[in-house]
Amino acid sequence: MKLTLIHPPFATLTAVPAGICLLKSYIETHYPHQVLTMDLNLGMFEWIHNLPYNQRKTAVQEMGNIEPLTESDVELQRRVLRTGTYKNFSIEEDVISALSSQDDFLQEFNNAFQTTVIKLLLDGKIPFGFKVIDFMVDFVLSTAPDVIGISVFSNFQFASTMALASIFREKFNIPTVLGGPAMLDFDAFELMTAFPFIQYIILGEAEESLGTLLDVLSSGQEPHGIPGLVYRGREAKVHSTEAALIGSLKGLVFPDYSDLPLKQYYNREVTLPVSFSRGCYWKRCAFCALHHTFRNHYKVRPYEEVAAEIKYLKEKWNCNLFYFIDLSISAKHIEYISKKLIDLQLNIQYCFFSRTTSEYKPELMVQLRESGCVYILWGIESGSQEILNSMDKGLHPEKMRIVLQNSHEAGIKNYIFILLGFPGETETDRLDTSLFIARNYKYIDFVCTSIFILDQNSKIINQPDKYKIKVGRKLPFITKNGEPLISTHLLDFHPLDASVKIDLTAYICKYSQLYWGPLYLGPRGGIYYEHLLNFFLDKQDIPYPVEKMVEEIKCRKSMK
């Protein structure tokens, strides 16, 4: 059978979709099927931006009263984001303008697209006949697929996924399979009840399940018992199994990027993802549910296979920039990986996610820098020891400071994540976080904030009394006639202690300006924060009154 795998809008234009490219190579290696991958997210925006302005305006305004980017906007953001000529611009003005104008347009267009598509689907109509959607459909149909797979990474891709699934099924009668990590955010039965055009959903790791489903579809049989498969049977009954897992990652095939226009992504040069593990080795953070995707399992690939993949991708695609997409890599594991990379003398650059543990000694940091590491993304979350303990992070502010210093002195940039609004967090705790950032200002290159949300798969949900919260209902994702139709994995909650309530949005604006200054990248960093990592920009050399800032925070703390 001929399968077309799609990465749908809306997602960052800097990240190459690793999942569908791995599925392509896995299925073509182990099953008798042909697979083609397609980045509709990149393709759609390239199509929009390449239209003459009047046609571009017509195309986007079908979804709402949206003003598209002008020719000069498009030209500037392409020069800045694609060619790497940001050093010819003012960092404070032109580069930030190019990033934020595209961010604003993407966000506005996404909101209008979601509203228009979901309303039509709830009214029982197929969202066909819009220029943007028709382009996507024609693009996919040009591959003459027998089966279509759509990989959904985030909820921002929900509306486009549902629009395409309804059209391919209802108008063209092509079997369509939904998968990807975001599908675990929803109740599959709710989805299939709300949208009868959905035929197949694969939950979990899809390599073996998708290959087996293709075998079954090619034989005309009903797909009983395939791990992770949720499907609507011939009797219109929905069947489900537990989320799929594959076994050992040893010998995992390398992803195949041959179908994608790698040079068109919005990076200064070809930049590719690579993966060492699945799941999280720590698995204890009270707020986190990301490891739920892998049913709390953690597995790794052999170090030499990871290094061999990087070497292969470098040689095949002339790629020198890589980013690990693992949830977190331990110091021990990255030590061995970096040794393999040094042995191969690849002359690459890479970044990865990790925890600021005491194993990150100066000598390890020097080794990482020698292997090509130029950026580490740290899950700091808080500068308050009490909150770190409550989160079960297993970290200490002073030890975190030493790790950041070791990294900085080895020539590796530090990008830290801060989580605000964790249950029980007080103003004093938040000031501790600001104090941590201020005291370690010279070691930190970017600060990215997020606001706590309660996930039904997190540890907190089982201990609401410990965290002093009252848990409410699931948060509705889509409503119909004022009633929840589809919910997410997120839950409403309320602190039992009214004194800890705070307007976190106002807090972020206030403290980012006052204490974090040019380090601050904003909530989630914006759609282009990955782009900034791929650029590996230097921290702006802006004089900052650190000592005065520290004293002011201490003063505020003493008043609490």
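Sequence positions, counted from 1, serve as the residue numbers for this chain. Since we're looking at a predicted model, the values are computed, not measured.
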**Request:** List the steps and the verdict of side-chain hydrogen bond (donor to acceptor under 3.5 Å, both in side chains) for Asn406 and Tyr443.
**Result:** CA-CA 9 Å; Asn406 291 342; Tyr443 307 135; over 6 Å; no
**Request:** Given side-chain contact (heavy atoms from CB on, under 4.5 Å), test Val216 with Ile226 step by step and report yes or no.
**Result:** CA-CA 10 Å; Val216 172; Ile226 297 178; 4.2 Å; yes
**Message:** Using side-chain contact (heavy atoms from CB on, under 4.5 Å), reason through Leu36 and Leu3 one step at a time and then give a plain yes or no.
**Reply:** CA-CA 6 Å; Leu36 187 141; Leu3 168 69; over 6 Å; no
**Request:** Could you walk me through whether Asn155 and Asp185 pass the side-chain contact (heavy atoms from CB on, under 4.5 Å) test, one step at a time?
**Result:** CA-CA 8 Å; Asn155 293 350; Asp185 293 351; 3.5 Å; yes
**Asked** Are Val147 and Val177 close enough, and set up right, to give a side-chain contact (heavy atoms from CB on, under 4.5 Å), and what steps lead you there?
**Response** CA-CA 8 Å; Val147 180; Val177 187; 4.1 Å; yes
**Message:** Is there a ring pair (Phe, Tyr, Trp, His ring centres under 6.0 Å) between Phe287 and Phe452? Walk through the geometry before answering.
**Reply:** CA-CA 8 Å; Phe287 57 83; Phe452 171 78; 7.4 Å; no
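When only modelled atom types and interatomic distance are considered, Gln367 and Glu363 share no side-chain donor-acceptor pair under 3.5 Å. For the 3.5 Å distance criterion, the side chains of Tyr375 and Asp445 fail to qualify, holding no donor opposite an acceptor. For the residue pair His33 and Asp146, no side-chain donor N or O sits within less than 3.5 Å of a side-chain acceptor on the partner. Thr12 and Tyr266 are not linked by any side-chain donor-acceptor pair at a separation below 3.5 angstrom, with hydrogens and angles left out of the test. Checking Asn41 against His7 by side-chain atom types alone, no donor-acceptor pair falls below 3.5 Å. Looking only at atom types and distance, the side chain of Asn414 has a donor-acceptor partner in the side chain of Ser407 under 3.5 Å away. Checking Ser354 against Ser328 by side-chain atom types alone, no donor-acceptor pair falls below 3.5 Å. The closest side-chain donor-acceptor pair between Tyr281 and His333, if any, does not fall under 3.5 angstrom. Side-chain contact of Asp326 with Ser277: a donor-acceptor pair under 3.5 Å is present, judged by distance alone. Asp256 and Ser25 are not linked by any side-chain donor-acceptor pair at a separation below 3.5 angstrom, with hydrogens and angles left out of the test. Counting only N and O atoms by type, the side chains of Lys314 and Asn320 include a donor and acceptor under 3.5 Å apart.
Under a 3.5 Å cut-off, the side chain of Thr241 and the backbone N or O of Leu229 do form a donor-acceptor pair. No donor-acceptor pair closer than 3.5 Å links the side chain of Asn110 to the backbone N or O of Leu106. When atom types are taken as modelled, the side chain of Gln34 and the backbone of Met1 share no donor-acceptor pair closer than 3.5 angstrom. Using modelled atom types, no side-chain atom of Thr37 and backbone atom of Val35 make a donor-acceptor pair closer than 3.5 Å. Judged purely by atom type and a 3.5 angstrom limit, Ser209 has no side-chain atom pairing as donor or acceptor with the backbone of Ala206. For the pair Arg369 (side chain) and Gly411 (backbone), a donor-acceptor distance under 3.5 Å is present. The backbone N or O of Asn267 sits nowhere less than 3.5 Å from a side-chain atom of Thr271 that would complete a donor-acceptor pair.
Residues Ile402 and Tyr360 form no side-chain contact, since every pair of their non-hydrogen atoms from C-beta on lies 4.5 Å or further apart. With a 4.5 Å cut-off on side-chain heavy atoms, Met44 and Pro9 count as touching. Looking only at side-chain heavy atoms (C-beta outward), Thr14 and Tyr265 stay at 4.5 Å or farther from each other. With a 4.5 Å cut-off on side-chain heavy atoms, Leu388 and His396 do not count as touching. Side-chain contact between Phe109 and Phe45 is present, with heavy atoms from C-beta onward closer than 4.5 Å. Using a 4.5 Å heavy-atom cutoff, the side chains of Val366 and Leu368 are not in contact. Side-chain atoms of Val270 and Leu321, non-hydrogen and from C-beta on, never get closer than 4.5 Å to each other.
No more than 12 heavy atoms of other residues, nucleotides or ligands shown are found within 6.0 angstrom of CG on Asn318. More than 12 non-hydrogen atoms from other residues, nucleotides or ligands lie less than 6.0 angstrom from CG of Asn50. When the shell of 6.0 Å around CD of Glu398 is examined, it contains more than 12 heavy atoms from other residues, nucleotides or ligands.
Closest non-hydrogen pair, Ala308 versus Leu344, comes out as N-CD1, 4.5 Å. Closest of all the heavy-atom pairs between Ser382 and Met391 is CB-CE, 4.5 Å. Taking every heavy atom of both residues into account, Ala11 and Gln157 meet most closely at CB-NE2, 4.1 Å. Closest heavy-atom contact between Glu309 and Pro255: OE2-CD, 3.5 Å. The nearest pair of heavy atoms linking Thr433 to Gly383 is OG1-N, 2.9 Å. In this structure, Ser151 and Gly180 approach most closely via the heavy-atom pair OG-CA, 4.1 Å.
Annotation: Tyr336 is in aromatic contact with Tyr303 [ring centroid separation under 6.0 Å].
For the pair Arg355 and Trp378, the NZ or CZ position fails the cation-pi test of under 6.0 Å to the six-membered ring centre and within 45 degrees of the ring normal.
Considering CD1 of Ile416 and CD1 of Ile376, their distance stands at 13.5 Å, rounded to 0.5 Å. One finds the CG atom of Leu210 at 6.5 Å from the CG atom of Leu5 (value rounded to the nearest 0.5 Å). Atom OG of Ser371 and atom CD1 of Ile310 lie 9.0 Å apart (nearest 0.5 Å). Interatomic distance, CD of Glu370 versus OG of Ser338, reported as 9.0 Å (0.5 Å rounding). With rounding to the nearest 0.5 angstrom, the CD1 atom of Ile6 is 5.0 Å from the CG atom of Leu40. A distance of 7.0 Å separates CG of Leu327 from SG of Cys288, quoted to the nearest 0.5 Å.
Taking 4.0 Å as the cut-off between side-chain N and carboxylate O, Lys332 and Glu335 do not count as a salt-bridged pair. The residues Lys299 and Glu205 are annotated as salt-bridged, a charged nitrogen and a carboxylate oxygen being separated by less than 4.0 angstrom. Ion pairing of Arg284 with Asp392 is present here, as a side-chain N (NZ or NE/NH1/NH2) and a carboxylate O approach within less than 4.0 Å. Salt bridge Glu269/Lys263: absent, no basic N to carboxylate O contact under 4.0 Å. Arg278 has a carboxylate O that lies under 4.0 Å from a charged side-chain N of Glu207, or vice versa, which qualifies the two as a salt bridge.
Between Phe324 and Phe352, the ring planes lie perpendicular to each other; the angle is over 60°, past the 30° to 60° tilted range. Taking the six-membered ring for Trp and thresholds of 30 and 60 degrees, Tyr26 and Tyr31 have ring planes inclined between 30 and 60 degrees apart. Ring orientation note: the planes of Phe105 and His49 are tilted relative to one another, at an angle of 30° to 60°. Ring geometry for Phe446 versus Tyr415: interplanar angle of 30 to 60°, hence tilted. In this pair, Tyr312 and Phe254 present their aromatic rings tilted. The plane angle is within the 30 to 60° band.
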